Amino acid sequence: MTDGRAVEDLVVGVLGGTGPQGRGLAVRLAAAGQQILLGSRDAERASEVAVEVAGRATTAAGGTDVSVKGGSNVDVAGAADLVIVAVPYGGHAATLAGLAAPLAGKVVVDCVVPMGFDELGAYVLDVEEGSVAQQAAALLPDSSVVGAFHHLSAVLLEDLSRPTLDGDVMVVGDVREATDLVQALAGRLPGMRGVYAGRLRNARQVEALTINLVSVNRRYKAHAGIRVTDV
Ligand SMILES: NC(=O)c1ccc[n+]([C@@H]2O[C@H](COP(=O)([O-])OP(=O)(O)OC[C@H]3O[C@@H](n4cnc5c(N)ncnc54)[C@H](OP(=O)(O)O)[C@@H]3O)[C@@H](O)[C@H]2O)c1
């Protein structure tokens with residue numbers, strides 16, 4: 001899977017890395033020293049965003065060199081050791097459908113939330129496979145799919161005036177080595193901790209809890225996260 005390499009030695013790819021969530025994870029991880037590949041449907045856009053993210057990460061890292069490069073989603077999927085999926089739910093299945101081969105043998109981290117909005121606010125969309133993460137697993141039979149990073153606000157991730165974040169990352173998956181790796185990756189975000197939260201069949205609740213947080217945010221004008229106690 002990663003040939004026993006430590007998490008800090010892995011190249012992390014982000015599909016949909018030009019959006020707020022992908023950029024936010026990328027800038028924080030890059031500032032922590034992770035090598036990052038930002039993916040997009042448009043390689044040129046990815047390269048432009050990568051330059052901007054690298055600049056902010058360098059400043060956050062106190063001038064230390066960082067590594068952020070851009071490319072097409074397919075090239076990033078092929079080149080990265082571990083890949084985070086940060087595209088909208090509406091494009092999730094179509095994005096991953098073409099990536100089974102480049103993602104084979106890799107850990108794929110899905111943070112996609114199946115969320116709709118109507119006049120009553122945010123609500124959970126039904127996913128045929130049970131959850132978005134299970135949809136990814138069905139489309140990527142030779143990858144180890146892990147669900148994580150759903151409960152982090154992109155606004156806070158991108159706000160580097162706050163050097164430290166606050167909260168836990170619930171990590172769900174079926175392969176212990178993969179969930180351990182993603183917990184370690186979550187721990188590279190300043191102030192954050194990865195907490196194992198069950199098998200992939202439990203991804204549905206983790207994804208859906210994000211909708212409760214969105215409701216909290218709308219009521220209290222906040223960017224709420226979660227903290228698991230007594231662990
Ligand atoms: N924003 C948050 O606070 C937050 C928090 C937790 C989880 N999430 C999840 O993280 C994911 C990304 O969130 P976001 O706010 O960054 O989303 P976004 O800005 O809507 O999308 C992210 C990127 O995905 C690409 N994209 C857009 N439509 C696509 C499609 N139909 N197919 C493939 N790629 C497409 C775009 O990049 P290119 O045009 O460059 O390809 C876009 O920049 C979502 O699934 C969301 O549920 C977000």
Side-chain angles (χ1 to χ4, degrees), residues 12-29 36-53 68-77 83-99 103 108-117 121-127 131-136 139 145-159 162 165-172 182 186 189 192 194 197 203-218 221-226:
V12 171
V14 187
L15 308 182
T18 56
Q21 186 72 353
R23 283 194 318 253
L25 288 167
V27 76
R28 292 285 183 174
L29 289 170
I36 300 291
L37 296 177
L38 281 189
S40 166
R41 293 167 295 182
D42 175 343
E44 203 172 314
R45 179 161 54 238
S47 297
E48 286 166 13
V49 174
V51 168
E52 181 263 323
V53 167
V68 185
K69 293 179 184 139
S72 68
N73 282 331
V74 64
D75 286 347
V76 165
V83 169
I84 299 171
V85 186
V87 299
Y89 174 58
H92 181 262
T95 300
L96 296 186
L99 299 179
L103 292 175
V108 175
V109 189
D110 207 306
C111 70
V112 173
V113 178
M115 181 166 59
F117 281 99
Y123 64 97
V124 191
L125 300 173
D126 285 331
V127 181
S131 65
V132 181
Q134 287 167 294
Q135 181 182 82
L139 290 164
V145 175
V146 172
F149 301 124
H150 304 88
H151 307 144
L152 280 77
S153 152
V155 172
L156 297 185
L157 282 169
E158 292 219 81
D159 181 2
R162 300 171 188 245
L165 300 161
D166 180 22
D168 288 330
V169 174
M170 291 182 122
V171 177
V172 291
V182 176
L189 298 170
M192 301 296 293
R204 179 169 46 177
Q205 301 89 273
V206 173
E207 293 169 7
L209 184 59
T210 316
I211 281 92
N212 299 85
L213 293 176
V214 169
S215 305
V216 169
N217 292 343
R218 285 164 74 97
K221 310 286 179 247
H223 302 291
I226 62 146

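Keep in mind that this is a model prediction, so the values were computed, not measured. The analysis underlying the following values was restricted to heavy atoms, covering all of them including side chains, and did not include hydrogens, waters or symmetry mates. Atoms within each ligand, like the ligands themselves, are counted from 1 in listed order.
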Novice: Do Val113 and Val132 come close enough that some side-chain heavy atom pair is under 4.5 Å?
Specialist: no
Novice: Near Thr95, which atoms of ligand 1 are under 4.0 Å from a heavy atom of that residue?
Specialist: 32 (N), 33 (C)
Novice: Among all protein heavy atoms in this structure, tell me which lies nearest to atom 39 (O) of ligand 1, with the distance rounded to 0.1 Å.
Specialist: Arg45 NH2, 2.6 Å
Novice: Give the residue and atom name of whichever protein heavy atom lies nearest to atom 22 (C) of ligand 1, and the separation in Å to one decimal.
Specialist: Ala86 O, 3.4 Å
Novice: Please report which non-hydrogen protein atom sits nearest to atom 19 (O) of ligand 1, along with the residue it belongs to and the distance in Å to one decimal place.
Specialist: Pro20 CD, 3.1 Å
Novice: Provide the number and element of each atom of ligand 1 under 4.0 Å from a heavy atom of Val112.
Specialist: 45 (O)
Novice: Mind listing the closest non-hydrogen atom pair of Gln21 and Cys111 along with its distance?
Specialist: CG-SG, 4.0 Å
Novice: Donor-acceptor pairs are to be reported for all side-chain atoms of residues 148-155 against protein atoms at under 3.5 Å, with residues two or more places apart or in another chain.
Specialist:
unit_1	atom_1	unit_2	atom_2	d
His150	NE2	Asp110	O	3.3
His151	NE2	Val206	O	2.8
Ser153	OG	Val155	N	3.1
Ser153	OG	Leu156	N	3.2

Novice: Pull out every atom of ligand 1 sitting under 4.0 Å from any heavy atom of Cys111, numbered as shown with elements.
Specialist: 7 (C), 8 (N), 9 (C), 10 (O)
Novice: What I want to know is whether Gly22 and ligand 1 share at least one N or O pair that is separated by under 3.5 angstrom.
Specialist: no
Novice: For atom 23 (C) of ligand 1, what is the closest protein heavy atom, and at what distance to 0.1 Å?
Specialist: Gly16 O, 3.5 Å
Novice: Which residue and non-hydrogen atom of the protein lie closest to atom 24 (O) of ligand 1, and at what distance in Å?
Specialist: Pro88 CD, 3.4 Å
Novice: For the 3.5 Å polar cut-off, considering only N or O atoms, please tell me whether Gly19 and ligand 1 meet it.
Specialist: yes
Novice: Among Val87, Leu38, Val214, Thr18, whose heavy atom sits nearest atom 45 (O) of ligand 1?
Specialist: Val87
Novice: Taking both backbone and side-chain atoms of Ser153, is any N or O found less than 3.5 Å from an N or O belonging to ligand 1?
Specialist: no
Novice: What atoms in ligand 1 come closer than 4.0 Å to a heavy atom of Ala154?
Specialist: 1 (N), 2 (C), 3 (O)
Novice: Decide whether the shortest distance between a heavy atom of Thr210 and an atom of ligand 1 is less than 4.0 Å.
Specialist: no
Novice: Indicate yes or no: does an N/O atom of Val113 lie under 3.5 Å from an N/O atom of ligand 1?
Specialist: yes
Novice: What part of His150 sits under 4.0 Å from ligand 1 if we count only heavy atoms: the side chain, the backbone, both or neither?
Specialist: backbone
Novice: Considering only heavy atoms, does Leu152 approach ligand 1 within less than 4.0 Å through its side chain, its backbone, both, or neither?
Specialist: backbone
Novice: Relative to atom 35 (C) of ligand 1, which among Arg41, His223, His151 owns the nearest non-hydrogen atom?
Specialist: Arg41
Novice: Of all the heavy-atom pairs spanning Val85 and His92, show the shortest one and how long it is.
Specialist: CG1-CD2, 4.0 Å
Novice: To check you understand the geometry: which heavy-atom pair defines the closest contact between Val49 and Gly17, and what is its length?
Specialist: CG1-O, 4.2 Å
Novice: Return the residue, atom name and 0.1 Å-rounded distance of the protein heavy atom closest to atom 13 (O) of ligand 1.
Specialist: Gln21 CB, 3.6 Å
Novice: How about Val109 and Val12: do any of their side-chain heavy atoms sit closer than 4.5 Å?
Specialist: no
Novice: Of the protein's non-hydrogen atoms, which lies at the shortest distance from atom 32 (N) of ligand 1, and what is that distance?
Specialist: Gly91 CA, 3.5 Å
Novice: To check you understand the geometry: which heavy-atom pair defines the closest contact between Ser131 and Arg204, and what is its length?
Specialist: CB-N, 3.6 Å
Novice: Indicate the atoms forming the closest heavy-atom contact of Gly22 with Val14, along with that distance.
Specialist: CA-CG1, 3.6 Å
Novice: Quick check: do Ile226 and Leu209 have side-chain heavy atoms less than 4.5 Å from each other?
Specialist: yes
Novice: Can you tell me how far apart CE (Met170) and CD (Gln205) are? Round to the nearest 0.5 Å.
Specialist: 9.0 Å
Novice: If you round to the nearest 0.5 Å, how far is CG of Leu189 from CG of Leu25?
Specialist: 6.5 Å
Novice: Using a plain distance cutoff, I'd like to know if Gly90 has any nitrogen or oxygen under 3.5 Å from a nitrogen or oxygen of ligand 1.
Specialist: no
Novice: Does a side-chain heavy-atom distance below 4.5 Å link Leu96 with Leu15?
Specialist: yes
Novice: Which heavy atom of Arg218 sits nearest a heavy atom of Lys221, and at what distance?
Specialist: O-NZ, 3.1 Å
